Amino acid sequence: MFITMNKGQVAAILDEIAVLLELKGENTFKCRAYSNGARAISQLDADLAQVIAEGKLGSIPGIGETLQEKITTLVTTGKLPFYDDLRAQFPDGLLQMLRIPGLGSKKVKALYEQLKIDSLDALRAACNSGQVAALKGFGEKTQAKILEGLAFLELGADRVRIDQALPIAQEILEELRGLKGVIRSELCGSLRRRKETIADIDILLSSNDPLPIMERFVKLPGVVQVVAHGDTKSSIKVNASEAARLLINCDLRIVTDKQFPFALHYFTGSKDHNIAMRARAQHMGLKLNEYELAGAGKSVACKDEAALFKALGLDYVPPELREHTGEIDAALAHQLPSLVKTEDIHGVFHCHTDWSDGKATLKEMAGAAQKLGLKYLGIGDHSQSLTVANGLTPERVQKQHAEIDALNAKLKGFRVFKGTECDILADGRLDFSDEVLETFDYVVASVHTNMNQSEADMTARIVKAVSHPKVTMLGHATGRLLLRRDAYHVNLEAVLKAAAEHDTMIEINAHPQRLDIDWVHCKRAKALGVKLVINPDAHSTAEIGLYPYGVDVARRGWLEKKDVFNTMTLAEVETALA
DNA sequence: GCCGTTTTCGGCCCGACTGTTTTCAGTCG
């Protein structure tokens with residue numbers, strides 16, 4: 001009888017063991033073995049309990065005898081005494097202290113053992129009294145840096161959303177691009193891979209004269225702290241939003257133009273992708289690092305990233321796919337997907353107007369969509385029970401439909417579709433009767449209330465809704481708000497299977513606060529044959545333009561044009577919805 | 001702790017930067 005402990009939970013515990021072993025002063029490589037094991041488990045495609053039952057755990061690279069035994073204990077009993085003992089040896093505060101930039105396990109260990117510091121508050125007090133600076137291996141600067149790090153943590157600014165980072169990153173990039181001596185320049189890291197949240201902005205430049213560029217970089221307007229300032233690498237914190245007191249880390253690296261393709265690949269990551277790429281190079285008798293691809297004493301010249309992939313016998317892997325989830329094997333077999341592009345999108349669904357909680361009128365929304373070059377706009381105002389969002393009663397729905405008809409009569413080559421974002425009630429029923437639902441061109445069903453249900457209840461509720469014959473698509477499937485609110489408890493696998501069975505689409509909510517379902521589940525949805533639809537969930541004219549963030553998610557989820565409903569032309573959508 | 005065209009021991013990615021020291025350890029990516 002297996003206790004349910006999923007891959008994510010097991011990986012998190014292995015990762016924590018790695019950190020605790022570091023604090024204990026264990027051999028670095030032993031610690032790393034636990035981290036590697038965590039990564040191997042989290043990237044496992046198969047069901048963990050099943051792998052264990054079949055005795056195949058040990059055949060996963062990175063899982064040896066010890067980890068096999070510990071993971072089995074964890075999954076079959078739900079506990080691991082080894083982990084519990086380890087946790088009991090260190091206060092939780094030490095793990096929090098590790099989040100401070102510049103504090104690693106060695107320093108935290110020293111603070112704990114020599115000054116008995118076991119919490120952020122105790123650490124702040126010790127810094128303020130000068131005790132930390134007096135410690136061997138520490139000093140005034142370290143102490144000041146810790147205080148700055150504590151303030152930084154209080155802002156909750158260790159990660160930001162992509163929409164918060166991207167504009168400022170582009171602004172900095174533009175500023176640097178204009179400087180004398182800059183040859184090539186690019187955003188790297190998780191921003192280039194289009195992750196939904198990022199820890200820092202990474203910028204790479206090539207130049208033969210890096211020093212003046214570095215000088216300028218650390219003095220950019222908006223710089224609140226220079227964390228590091230070297231010849232080829234510098235790091236700053238910039239103020240992204242005065243009002244929100246939002247600080248973002250920004251790293252700049254400068255290499256020669258010959259090194260640029262290698263550095264671009266290296267600093268784009270992900271780390272796991274890079275490790276796999278280096279292994280691929282090694283396999284071919286080559287050595288890959290951030291500066292070169294070398295073998296037999298000489299460098300293999302590559303003019304760009306594509307040439308680098310080619311030199312390793314691989315098709316070009318778009319940055320969004322570089323998460324080590326099979327992209328290298330696919331590139332080797334010439335089986336990478338032809339990813340959906342922003343220009344493939346011809347229209348969007350799920351947009352709100354001032355009929356419910358949107359800011360703009362129907363006409364303004366339609367005009368804004370046309371300006372973006374879209375050919376259709378799906379309206380999806382809230383339904384009657386959501387009174388806080390001015391949800392529409394069946395009577396108001398009728399009136400709105402009359403207004404849409406009148407508007408459509410005036411539009412040429414563009415159409416407004418009559419939709420609703422219909423609430424999924426607590427028991428899985430919909431917020432409108434079938435007769436009312438019948439009057440819409442399409443129905444988005446979403447959860448907005450009773451979000452604290454058990455996983456079983458929430459799953460049954462959503463499965464019931466996506467199984468309803470009138471439901472066209474499921475809106476923001478997990479309800480998460482990035483960095484603010486976790487997803488509600490739901491078995492998404494069951495939801496996706498029900499969606500596949502009933503031919504219901506799943507929304508990729510392109511609003512950068514949601515980006516839900518996320519890319520991992522896109523991939524799974526595609527495998528199950530579920531069609532996805534990229535919707536901005538716009539509450540204003542400007543927010544219609546957010547849909548490219550949803551395209552990023554789709555690309556990270558290996559989706560092609562044919563997998564996304566709103567890549568269809570107006571005529572095709574009219575036929576599909578009829 | 002894991003792994004093996006280096007196979008039961010001895011490596012495991014490694015370069016940049018900072019701060020504290022005085023030649024290097026710790027942190028980061």
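Note that the structure is predicted; figures quoted are calculated from it, not measured. In what follows, chains carry the letters A, B, and so on, assigned in the order in which the sequence lines appear, proteins first and then strands, with residues in each chain numbered from 1.
Heavy atoms of Ile17(A) sit nowhere under 4.0 angstrom from any nucleic acid atom. No contact: Ile275(A) has no heavy atom under 4.0 Å from any strand.
Using cut-offs of 30° and 60° on the angle between ring planes, the pair Tyr316(A) and Phe309(A) is perpendicular.
Across Arg555(A), Arg556(A), Arg194(A), a single residue satisfies salt bridge (Lys or Arg N to Asp or Glu O under 4.0 Å) together with Glu320(A), and that is Arg555(A).
Remark: C1' of dT27(B) and CZ of Arg99(A) are 17 Å apart, rounded to the nearest angstrom.
Annotation: side chain to side chain contact (heavy atoms under 4.5 Å, CB included) contacts of Gln89(A) (sequence neighbours excluded): Lys24(A), Leu86(A). Not counting sequence neighbours, the partners of Pro548(A) by the side chain to side chain contact (heavy atoms under 4.5 Å, CB included) test are Thr342(A).
Of the residues in residues 188-196 of chain A, none has a non-hydrogen atom less than 4.0 angstrom from any atom of DNA chain B. Shown for residues 250-267 of chain A: residues whose heavy atoms fall under 4.0 angstrom of DNA chain B, namely Arg253(A), Tyr266(A).
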Which parts of nucleotides 15-25 of chain B does protein reach within less than 4.0 Å, heavy atoms only, written one letter per nucleotide 5' to 3' as B for base, S for sugar-phosphate only and - for none? SSSSSSS----

For nucleotides 6-11 of chain B, read 5' to 3', which letter fits each nucleotide if B means a protein heavy atom sits under 4.0 Å from the base, S means only the sugar-phosphate is that close, and - means neither? ------

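Nucleotide dT8(B): unpaired (no Watson-Crick or G-U wobble partner with both distances less than 3.5 Å).
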